[in-house]
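Data first, discussion second: the structure below is written as structure tokens.
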2 protein chains.
Amino acid sequence: MLLHSVAVSIDGYNPNDYPPFAVTVDLVVLTVRPPNLKVLLTQRGESPAKGSWALPGGFVGSEQDLIDAAQSKLTDKTGIQVAEAHLEQLGTFGAPKRDPRMRIVSVAYLALVADPPEPELDEASWHRVDGLSDRSLAFDHSEILAKGVERARSKLEYTTLATSFCGAEFTVAELRSVYEAVWGTELDAANFHRKVMATDGFVEATGRTESAGRGRPARTYVASDARDLHPPIVR
Amino acid sequence: MLLHSVAVSIDGYNPNDYPPFAVTVDLVVLTVRPPNLKVLLTQRGESPAKGSWALPGGFVGSEQDLIDAAQSKLTDKTGIQVAEAHLEQLGTFGAPKRDPRMRIVSVAYLALVADPPEPELDEASWHRVDGLSDRSLAFDHSEILAKGVERARSKLEYTTLATSFCGAEFTVAELRSVYEAVWGTELDAANFHRKVMATDGFVEATGRTESAGRGRPARTYVASDARDLHPPIVR
DNA sequence: ACCTTTCTTGTCACAATGACTATAAAAAGG
DNA sequence: CCTTTTTATAGTCATTGTGACAAGAAAGGT
């Protein structure tokens with residue numbers, strides 16, 4: 001294998017005249033269990049970094065599209081059906097020494113899921129995001145996680161994606177608890193309610209109500225058709 | 001070469017047990033020549049897609065970091081020094097058939113440059129973004145360009161990046177012409193001026209003025225230290 | 001019956017915005 | 001030299017969005 005071949009231009013090359021890379025996908029799978037934001041991690045069973053926690057991931061097949069690889073890893077690890085979850089590309093990490101064994105480029109994906117079942121694989125489990133230090137994950141996965149969390153925080157401001165963390169039917173208070181868990185702040189219930197209701201296409205009333213045990217029962221809603229929030233809900 | 005080998009897990013693999021990919025970087029290099037937003041394109045000299053326009057790019061070296069590859073392509077094609085330009089990762093495109101010859105994953109970068117010299121290479125030149133149709137570039141480069149333009153439009157709302165399109169010293173009118181070119185809209189000069197001035201850390205007065213030929217001379221400013229705009233300047 | 005809890009609506013002062021007017025400082029043309 | 005034109009910058013005002021807070025509505029607990 002021509003590990004050190006160098007291509008001089010995108011023109012005039014042939015399939016033997018480029019440096020070979022392995023391509024993987026890594027997943028930042030987030031969910032909300034109020035009042036906490038949680039991330040799915042797997043414990044590595046092999047060296048390097050044996051025993052430490054890492055993001056779930058794996059190789060991309062030679063004929064597999066990147067998003068398909070991410071979807072299949074997500075289903076493998078969580079049993080979540082793809083249609084229920086939000087999945088978007090987060091960024092690509094390819095520092096030469098990020099994996100000590102070989103040159104790997106990893107395409108990170110961010111998944112937002114609601115009501116996850118307990119992970120199917122024993123070595124995967126949910127962890128509080130705010131309980132992880134900046135360096136506690138294997139490889140550069142802490143950096144990838146930080147980028148995923150920041151992306152989620154930012155998307156909640158400008159899009160309706162918070163509904164991806166809720167079940168099909170939810171109350172405004174549940175939606176607020178999503179914002180509070182992801183942002184790590186408390187929000188005024190009355191003002192939050194007003195803003196959600198004032199935003200066309202964010203949520204749609206079902207006509208039903210639901211009691212959380214204590215207090216006045218809340219009306220329930222389903223996600224509506226808007227994708228962007230006008231005006232945004234700012235942190 | 002094991003073109004069809006399939007890795008079953010991230011654990012327990014060895015360097016011969018993964019599908020090999022070629023990794024390239026593609027650059028969306030944008031600049032503003034009022035009243036137009038322009039993108040740097042190269043004309044392909046080889047098949048496939050010989051003669052059609054494409055984004056500049058090239059292979060990533062086997063020991064080269066992704067951003068370093070992007071920086072070196074940028075300097076090669078434009079002569080721009082890296083410190084003067086803004087460069088950020090845009091996204092990764094890896095559909096199995098995006099290049100007909102082999103499996104290629106391309107990491108796209110977005111570069112915003114000010115006052116570019118004429119391209120050093122004859123086959124590269126600046127093109128109006130609004131003069132390109134959705135399908136006029138080679139491979140999936142029209143899609144990549146669209147994503148780059150949308151990223152630039154969005155970043156102008158929430159960050160101070162518009163200053164990257166200006167020289168070191170600029171007037172508020174020049175900054176406004178950047179917004180108008182990137183967004184493709186006209187802005188009220190008085191309101192724009194008020195918003196820029198009201199945003200701490202966006203621009204810093206030099207004390208000098210500069211005449212554009214006609215009209216009252218404008219004060220000049222340099223970019224200041226803020227990276228995010230509070231409040232944003234909305235489209 | 002009362003209290004507590006939570007959801008929901010309402011009030012009010014204040015900040016940000018768009019549309020617009022007014023003034024300032026230069027060049028161009030008589 | 002004075003007026004017109006052009007652009008930059010400042011100010012006005014009605015409207016809208018916001019945070020802090022009060023108040024009413026609807027349930028369960030004691």
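Since this is a predicted model, take the numbers as computed values, not measurements. Naming: A, B, ... by sequence-line order, numbering from 1 per chain. Note that these values count all heavy atoms, side chains included, but never hydrogens, waters or copies made by symmetry.
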Note to self: Is it the case that the side chain of B:Glu150 and the backbone of B:Lys147 share a donor-acceptor pair, with hydrogens and angles ignored and the cut-off at 3.5 Å?
What the structure shows: no
Check: For DNA chain D, which residues in residues 196-206 of chain A have a heavy atom at a distance below 4.0 Å?
Finding: none
Notebook entry, point to check: Would the A:Phe139 and A:Phe93 ring centres measure less than 6.0 Å apart?
Noted result: no
Margin query: Can you measure B:Glu210 atom CD to D:dA8 atom C1' for me and round it to whole angstrom units?
Written below: 13 Å
Margin query: Keeping A:Gln43 on the side-chain end and A:Gly51 on the backbone end, is there a donor-acceptor pair under 3.5 Å?
Written below: yes
Checklist line | Polar side chain donor-acceptor pair, B:Glu169 to B:Thr220, under 3.5 angstrom | finding: yes
Check: Has the side chain of A:Arg151 got a donor or acceptor atom that lies under 3.5 Å from a matching backbone atom of A:Leu90?
Finding: yes
Notebook entry, point to check: Are the side chain of A:Arg153 and the backbone N or O of A:Val182 linked by a donor-acceptor pair below 3.5 Å?
Noted result: yes
Notebook entry, point to check: For DNA chain D, which residues in residues 224-235 of chain B have a heavy atom at a distance below 4.0 Å?
Noted result: none
Check: Are B:Arg235 and A:Asp228 close enough for a salt bridge, meaning some N to O gap below 4.0 Å?
Finding: no
Notebook entry, point to check: Of all of residues 162-171 of chain A, which get a heavy atom below 4.0 angstrom from DNA chain D, listed by number?
Noted result: none
Margin query: Tell me whether A:Arg33 contacts the main-chain N or O of A:Arg128 through its side chain, where contact means a donor paired with an acceptor under 3.5 Å.
Written below: no
Note to self: Just N and O in the side chain of B:Arg219: are any of them under 4.0 Å from OP1 or OP2 of D:dA10?
What the structure shows: yes
Check: Does a nitrogen or oxygen in the side chain of B:Lys195 sit under 4.0 Å from OP1 or OP2 of C:dT17?
Finding: yes
Check: What one-letter contact string describes nucleotides 20-30 of chain D from 5' to 3', where B marks a base within less than 4.0 Å of any protein heavy atom, S marks contact via sugar-phosphate atoms alone, and - marks no contact?
Finding: BBB-BBBSS--
Notebook entry, point to check: What is the distance from CZ of B:Phe192 to C1' of C:dC20, rounded to the nearest Å?
Noted result: 19 Å
Notebook entry, point to check: Between A:Tyr179 (side chain) and A:Leu156 (backbone), is there a donor-acceptor pair under 3.5 Å?
Noted result: yes
Next item on the list: Spell out, as yes or no, whether a donor-acceptor pair under 3.5 Å connects the side chain of A:Thr31 to the backbone of A:Val113.
Entry: yes
Margin query: Below the 4.0 Å mark, does C:dT8 have OP1 or OP2 next to a side-chain nitrogen or oxygen of A:His193?
Written below: yes
Check: Among residues 172-186 of chain B, which contact DNA chain C at a heavy-atom distance under 4.0 Å?
Finding: none
Solution key, residues 184-192 of chain A side-chain donor-acceptor pairs under 3.5 Å, sequence neighbours excluded:
unit_1: A:Asp188; atom_1: OD1; unit_2: A:Ala190; atom_2: N; d: 3.0
unit_1: A:Asp188; atom_1: OD1; unit_2: A:Asn191; atom_2: N; d: 2.8
unit_1: A:Asn191; atom_1: OD1; unit_2: A:Arg194; atom_2: NH2; d: 3.2

Item checked: Side-chain touch B:Leu66/B:Tyr109, heavy atoms, less than 4.5 angstrom -> yes
Notebook entry, point to check: Under the 3.5 angstrom rule, does the side chain of A:His141 hit a backbone N or O of A:Leu55 as a donor-acceptor pair?
Noted result: yes
Margin query: Determine whether B:Leu27 and B:Leu40 satisfy the following criterion, side-chain contact (heavy atoms from CB on, under 4.5 Å), listing intermediate values before the conclusion.
Written below: CA-CA 9 Å; B:Leu27 265 58; B:Leu40 186 69; over 6 Å; no
Item checked: Closest contact, heavy atoms only, A:Ala114 versus A:Ile80 -> O-CD1, 4.3 Å
